[in-house]
Colleague: 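I'd like to ask some things about the structure below.
All chains are named by letter (A, B, ...) in the order of the sequence lines, taking the proteins before the strands, and each is independently numbered beginning at 1.
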2 protein chains.
Amino acid sequence: MVPLLNDGSIVGESSRAERKALEKRRAILRAAAVAFRKHGFLATGMREIASAADLSPANLYYYFDSKQELLYFCQDHSLDRLLEEVTAAKERERRPADVLRQIISAHARFMLDELDGASAHLEVDALAAPLRARIVEKRDRYEQAVRKIISNGMKAGAFVKSDAALITRAIFGALNWTARWYRPDGPAQPSVIAEAYAEYLVRGLLK
Amino acid sequence: MVPLLNDGSIVGESSRAERKALEKRRAILRAAAVAFRKHGFLATGMREIASAADLSPANLYYYFDSKQELLYFCQDHSLDRLLEEVTAAKERERRPADVLRQIISAHARFMLDELDGASAHLEVDALAAPLRARIVEKRDRYEQAVRKIISNGMKAGAFVKSDAALITRAIFGALNWTARWYRPDGPAQPSVIAEAYAEYLVRGLLK
DNA sequence: ATAATTTTAGAACATTGGTTCCACTTTTGA
DNA sequence: TCAAAAGTGGAACCAATGTTCTAAAATTAT
């Protein structure tokens, strides 16, 4: 197996073999994602994940040391994606309302059509102490970033004054909950949902 | 054990013994609720529930035929409470915005300080087909009721026009998600959270 | 081509978790 | 008071689940 650091990141300047292994890990997650969506990460067994990825259960353990590490890999990757979107939104937009709309829309789209583990990033509590701490730290970074945009907007007079921490969590709640009810074969398209959410959730802050 | 219909409701005009048994079932749930909150219903074992309620695991089975029935009982009861709040709000308030604020506030408070199984009403998918169908039906009734208030408000011109179904789900997402982060020993009081949410989530609909 | 390395899977292990058995105690009602 | 009913718990059962063992197949490098 490709050498990994205990935090799941690749050691050294990733060689071709290493990148290939990483890609395989992602592919496994993508395959497993449909199962995750159906009944959550916790309720999805290693045998089910393996079979979704066309692997034997034993073989799955060649790519992931444990179910914990698999979950960690999912969540870590998801949070990286979300953090990227924050930076992108801040670069692209100027007004707080626009930045926020951008972030909400991206987060929604991410939940709805990004297949690898978007829904797994919900079950933080399923991780045991050492790994959970790392995820919580990263998740907090994401939350703080969004909260900052909101509280700055409030200070600048762009948003109505309120408890920025609560508003942030309300927004995340609405967004994360989409994984619970969204079905790809349903009536609403991801992009439509994303725009409606962005519109509604930002409007609640406007004066 | 007290005779129950297969749907968990009491048969006949509940006698004292029956009411007592029902109360005991509620008490068990209240005791288990803290465990549910900590790591969700799925991850909470029957032994843990039993010990939280000061019962032996075997004894717990005297009150609930199975973990499924226990979950069903939780969810059914929770939904009844939420439906009651809808009726109450519609009677008490006149304007759509006020009705909605009322409902949101009640739902939030219910999630945060009602102890019996508020958080268990989240894991619908953990129920197997026959029981799940009943819960889904009731949950849909609740969802429809709220959606109706919103879409009526839109038609009446009290709210901005948008996709009422999506807005409804966004609101429920924000509300239900509170169970994930709220800690009774945290800084924000349930009533404060409830008001902030009601204010924010309704404002997003106002013209 | 052949040795070394990577990748794969069948079978089994250990633990957990829902559940049942059965006997024992407590409460209820006549 | 005493039999019937309600309530209780210790121990064990059994299926499911995360995981490991071992060895074989496929790939890569020399």
Colleague: Quick check on C:dT7: is either OP1 or OP2 less than 4.0 Å from any side-chain nitrogen or oxygen of A:Asn59?
Modeller: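 So the side-chain polar atoms of A:Asn59 never come under 4.0 Å of the phosphate oxygens OP1 or OP2 of C:dT7.
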Colleague: Got a sec, which residues hit side chain to side chain contact (heavy atoms under 4.5 Å, CB included) with B:Arg47, two or more places apart in sequence or on another chain?
Modeller: B:Pro57
Colleague: Which residues pass the side chain to side chain contact (heavy atoms under 4.5 Å, CB included) test with A:Asn152, sequence neighbours left out?
Modeller: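 Scan of A:Asn152 (side chain to side chain contact (heavy atoms under 4.5 Å, CB included), adjacent residues dropped) gives A:Lys148, A:Lys155.
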Colleague: Rounded to the nearest angstrom, tell me the gap between atom OH in B:Tyr72 and atom P in C:dG18.
Modeller: 21 Å
Colleague: Taking CZ from A:Phe64 and C1' from C:dT8, how many angstroms apart are they, rounded to a whole number?
Modeller: 16 Å
Colleague: Can you tell me how far apart CD1 (B:Ile49) and CG (B:Leu55) are? Round to the nearest 0.5 Å.
Modeller: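 It is 11.0 Å, given to the nearest 0.5 Å.
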Colleague: What does the list of N/O pairs under 3.5 Å between the protein and nucleotides 22-28 of chain C look like, with a distance for each?
Modeller:
none

Colleague: What side chain to side chain donor-acceptor pair (under 3.5 Å) pairs are there with at least one residue in residues 171-184 of chain A, not counting sequence neighbours?
Modeller: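 Side chain to side chain donor-acceptor pair (under 3.5 Å) check on residues 171-184 of chain A returns A:His107-A:Asn176.
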Colleague: Between P on C:dT8 and OH on A:Tyr62, what's the gap in Å once rounded to a whole number?
Modeller: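 Rounded to the whole Å, the gap is 8 Å.
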Colleague: B:Leu60 CG to C:dG17 C1': how many Å, rounded?
Modeller: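 In whole Å, C:dG17 C1' and B:Leu60 CG are 13 Å from each other.
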Colleague: Protein within reach of the bases, or only the backbone? For nucleotides 12-23 of chain D, mark each nucleotide 5' to 3' as B, S or -, using heavy atoms under 4.0 Å.
Modeller: B----BBBBB--
Colleague: Check the phosphate of C:dT8 against A:Tyr63, side-chain N and O only, distance under 4.0 Å to OP1 or OP2. Yes or no?
Modeller: yes
Colleague: Using the side-chain hydrogen bond (donor to acceptor under 3.5 Å, both in side chains) criterion, which residues pair with A:Arg203? Sequence neighbours excluded.
Modeller: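 In terms of side-chain hydrogen bond (donor to acceptor under 3.5 Å, both in side chains), with neighbours along the sequence ignored, A:Arg203 is linked to A:Glu199.
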Colleague: Are B:Lys24 and D:dT8 close enough that a side-chain N or O sits under 4.0 Å from OP1 or OP2?
Modeller: yes
Colleague: At what distance, to the nearest 0.5 angstrom, does CG of A:Leu201 lie from CD1 of B:Ile167?
Modeller: 7.5 Å
Colleague: Using the side chain to side chain donor-acceptor pair (under 3.5 Å) rule, collect all pairs that involve residues 97-106 of chain B, keeping only residues at least two apart or in two chains.
Modeller: B:Arg92-B:Gln102, B:Glu93-B:Gln102, B:Arg95-B:Asp98, B:Asp98-B:Arg101, B:Ser105-B:Arg109, B:Ser105-B:Glu195
Colleague: Using side chain to side chain contact (heavy atoms under 4.5 Å, CB included) as the criterion, list what pairs up with B:Ala35, not counting sequence neighbours.
Modeller: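 Scan of B:Ala35 (side chain to side chain contact (heavy atoms under 4.5 Å, CB included), adjacent residues dropped) gives B:Thr44, B:Glu48.
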Colleague: Mind calculating the distance between CG (A:Leu55) and P (C:dT6) to the nearest angstrom?
Modeller: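 Rounded to whole Å, this separation is 18 Å.
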Colleague: Using the side chain to side chain contact (heavy atoms under 4.5 Å, CB included) criterion, which residues pair with B:Lys138? Sequence neighbours excluded.
Modeller: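 If we apply the side chain to side chain contact (heavy atoms under 4.5 Å, CB included) test to B:Lys138, skipping adjacent residues, the hits are B:Asp76, B:Leu79, B:Asp80, B:Leu83, B:Arg141.
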